[in-house]
Amino acid sequence: MSKLLQSINLQNTPNHIAIIMDGNGRWAKGKGMQRVFGHKNALTAVREAVAGASDVGTKYITLYAFSTENWNRPKLEVDALMSLLVNSLKKELPEFQKNGIKINSIGNIERLPQKARKVLAEVIDATQNNSTITLTFALSYGGREEIVNAIKNISKKVVNNELDIEKIDDKIINSHLYTFNLPDVDLMIRTSGEQRISNFLLWQMAYAELYFTEVLWPDFRKEHLYSAILDYQNRERRFGKTSEQIESNE
């Protein structure tokens, strides 16, 4: 067992970790390769992150795999990413089953190519009874689009007298988001040194702790996840209260 893992308080680990997997392109360019090479070498980091989360008892991981803005990238790269998605899901299914990993997806999935949608649906169905950890892929996902869609759907219910406007609260909004079956994010990790959230889980990260690391995503390993969790544990999570209030409740 690593020293970092031994240092983690397993009674105070984040229940839901969200990760912006940034730096694939820069990693590839640093090796004189095309951006796609970086995406292909990112799978090891995904395995490491999930395994590390499982080690500490985290139950949910959400990966920002493909944003609504990513559709604007060169067609060659988009096609390669979609192909990689299909191949990776097929290849990893036995490992998902072996390790009790439940696969989930959020986003405008209808925009994905038919083959990608089909394989994704098959893997989600095959792993639906797994319970060790829920691994959610944010695909064709945008936080603003998610909130706009929720507002539209709630508004329709109000217009059709299915919902009293005075009954709308955070629980009602939550139930209309892509993440209706997921808890709020406790810890958000972004790799590659960039320090922004890029339209990712805007509602769900209201009280998340944000952690930024210079490590490029293909180089991300368990130890980097442990470091982020240790940093998380050294923060005081007040949720709007004072330090004195938090201490008095301990």
Side-chain angles (χ1 to χ4, degrees), residues 14-22 53 58-73 78 81-82 85-86 89 96 101-131 133-190 196-210 237 239-240:
N15 187 41
H16 186 179
I17 298 176
I19 304 178
I20 299 178
M21 307 178 292
D22 200 8
T58 291
K59 298 295 291 183
Y60 300 88
I61 287 193
T62 299
L63 303 178
Y64 205 5
F66 193 87
S67 73
T68 49
E69 291 78 17
N70 286 157
W71 290 112
N72 297 319
R73 290 190 175 186
V78 171
L81 283 167
M82 291 300 117
L85 171 65
V86 169
L89 286 171
F96 294 153
I101 299 170
K102 179 179 180 178
I103 300 301
N104 183 45
S105 67
I106 56 174
N108 188 356
I109 305 302
E110 291 303 311
R111 287 195 68 182
L112 299 179
Q114 183 177 1
K115 186 174 182 180
R117 294 200 309 271
K118 180 176 182 293
V119 171
L120 180 62
E122 290 173 350
V123 173
I124 288 174
D125 182 64
T127 62
Q128 63 179 326
N129 295 321
N130 294 345
S131 58
I133 193 166
T134 297
L135 175 59
T136 299
F137 292 99
L139 295 161
S140 189
Y141 175 87
R144 287 184 173 182
E145 181 178 86
E146 177 182 31
I147 293 170
V148 167
N149 287 338
I151 292 171
K152 287 180 178 178
N153 290 328
I154 292 170
S155 298
K156 288 176 184 176
K157 290 184 178 180
V158 172
V159 170
N160 293 330
N161 295 317
E162 297 172 16
L163 178 64
D164 183 345
I165 194 169
E166 297 302 325
K167 297 289 180 64
I168 298 174
D169 57 12
D170 60 341
K171 292 181 180 179
I172 291 292
I173 294 174
N174 267 324
S175 69
H176 288 79
L177 297 174
Y178 296 137
T179 55
F180 67 92
N181 58 347
L182 299 175
D184 282 347
V185 176
D186 298 301
L187 171 64
M188 190 284 290
I189 300 170
R190 180 167 188 154
R196 54 181 177 272
I197 58 177
S198 297
N199 200 20
F200 185 42
L201 299 174
L202 301 178
W203 176 274
Q204 300 85 344
M205 288 203 292
Y207 280 101
E209 299 298 325
L210 309 183
R237 308 194 76 214
F239 299 96

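Contact check for Thr58 versus Leu187: no side-chain heavy atoms found under the 4.5 Å cut-off. In this structure, Leu201 and Tyr64 have side chains that are not in contact, with every pair of non-hydrogen atoms separated by 4.5 Å or more. At a threshold of 4.5 Å between non-hydrogen side-chain atoms, the residues Trp203 and Thr179 do not count as touching.
Under the 3.5 Å distance criterion, the side-chain polar atoms of Thr127 are matched with a main-chain donor or acceptor of Ile103. Distance alone, capped at 3.5 Å, places no donor-acceptor pair between the Asn70 side chain and the Val78 backbone. Remark: side-chain polar atoms of Ser67 are paired, donor with acceptor, to backbone N or O of Glu69 under 3.5 angstrom. Side chain of Asp186 to backbone of Asn15: a donor-acceptor contact under 3.5 angstrom is found. The backbone N or O of Tyr141 lies less than 3.5 Å from no partner atom in the side chain of Tyr178, so there is not a single donor-acceptor pair. In this structure, Arg190 contributes its side chain and Arg196 its backbone to a donor-acceptor pair below 3.5 Å.
From Ile173, atom CD1 reaches atom CG of Leu177 across 7.5 Å, with rounding to the nearest 0.5 Å. Interatomic distance, Phe137 CZ to Ile106 CD1, rounded to the nearest 0.5 Å: 11.5 Å. Atom NZ of residue Lys102 and atom CG of residue Leu135 lie 12.0 Å apart, to the nearest 0.5 angstrom. Atom CD1 of Ile101 is separated from atom CG of Asn130 by 8.0 Å, given to the nearest 0.5 angstrom. Distance check, rounded to the nearest 0.5 Å: CD1 of Ile109 to CZ of Arg117 gives 9.5 Å. We find the CG-NE2 distance between Asn153 and His176 to be 6.0 Å, quoted to the nearest 0.5 Å.
Looking at residues two or more places apart in sequence or on another chain, you find no salt bridge (charged side-chain N to carboxylate O under 4.0 Å, His left out) involving Arg111. Listed by chain and number, the residues in a salt bridge (charged side-chain N to carboxylate O under 4.0 Å, His left out) with Lys118 are Glu122 (sequence neighbours excluded).
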Under 3.5 Å, side-chain donor or acceptor atoms of residues 162-172 against the rest of the protein: list the pairs with distances, not counting sequence neighbours.
| residue | atom | partner | partner atom | Å |
| --- | --- | --- | --- | --- |
| Asp164 | OD1 | Glu166 | N | 2.9 |
| Asp169 | OD1 | Lys171 | N | 3.1 |
| Asp169 | OD1 | Ile172 | N | 3.0 |

Test log, rule side-chain contact (heavy atoms from CB on, under 4.5 Å), inputs Ile197 and Met205:
CA-CA 9 Å; Ile197 58 177; Met205 288 203 292; 3.8 Å; yes
Could you go through the side-chain contact (heavy atoms from CB on, under 4.5 Å) check for Asp184 and His16 one step at a time?
CA-CA 7 Å; Asp184 282 347; His16 186 179; over 6 Å; no
Please step through side-chain contact (heavy atoms from CB on, under 4.5 Å) for the pair Leu120 and Ile124, ending with a clear verdict.
CA-CA 6 Å; Leu120 180 62; Ile124 288 174; 3.9 Å; yes
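Side-chain polar atoms of Asn149 and Glu146 form no donor-acceptor pair below 3.5 angstrom. Between the side chains of Thr68 and Glu145, not a single donor N or O lies within less than 3.5 Å of an accepting N or O. Defined by atom type and a distance below 3.5 Å, a donor-acceptor pair is missing between the side-chain atoms of Tyr60 and Asn104.
Here the closest heavy-atom approach between residue Ala208 and residue Val185 is recorded as CB-O, 3.5 Å.
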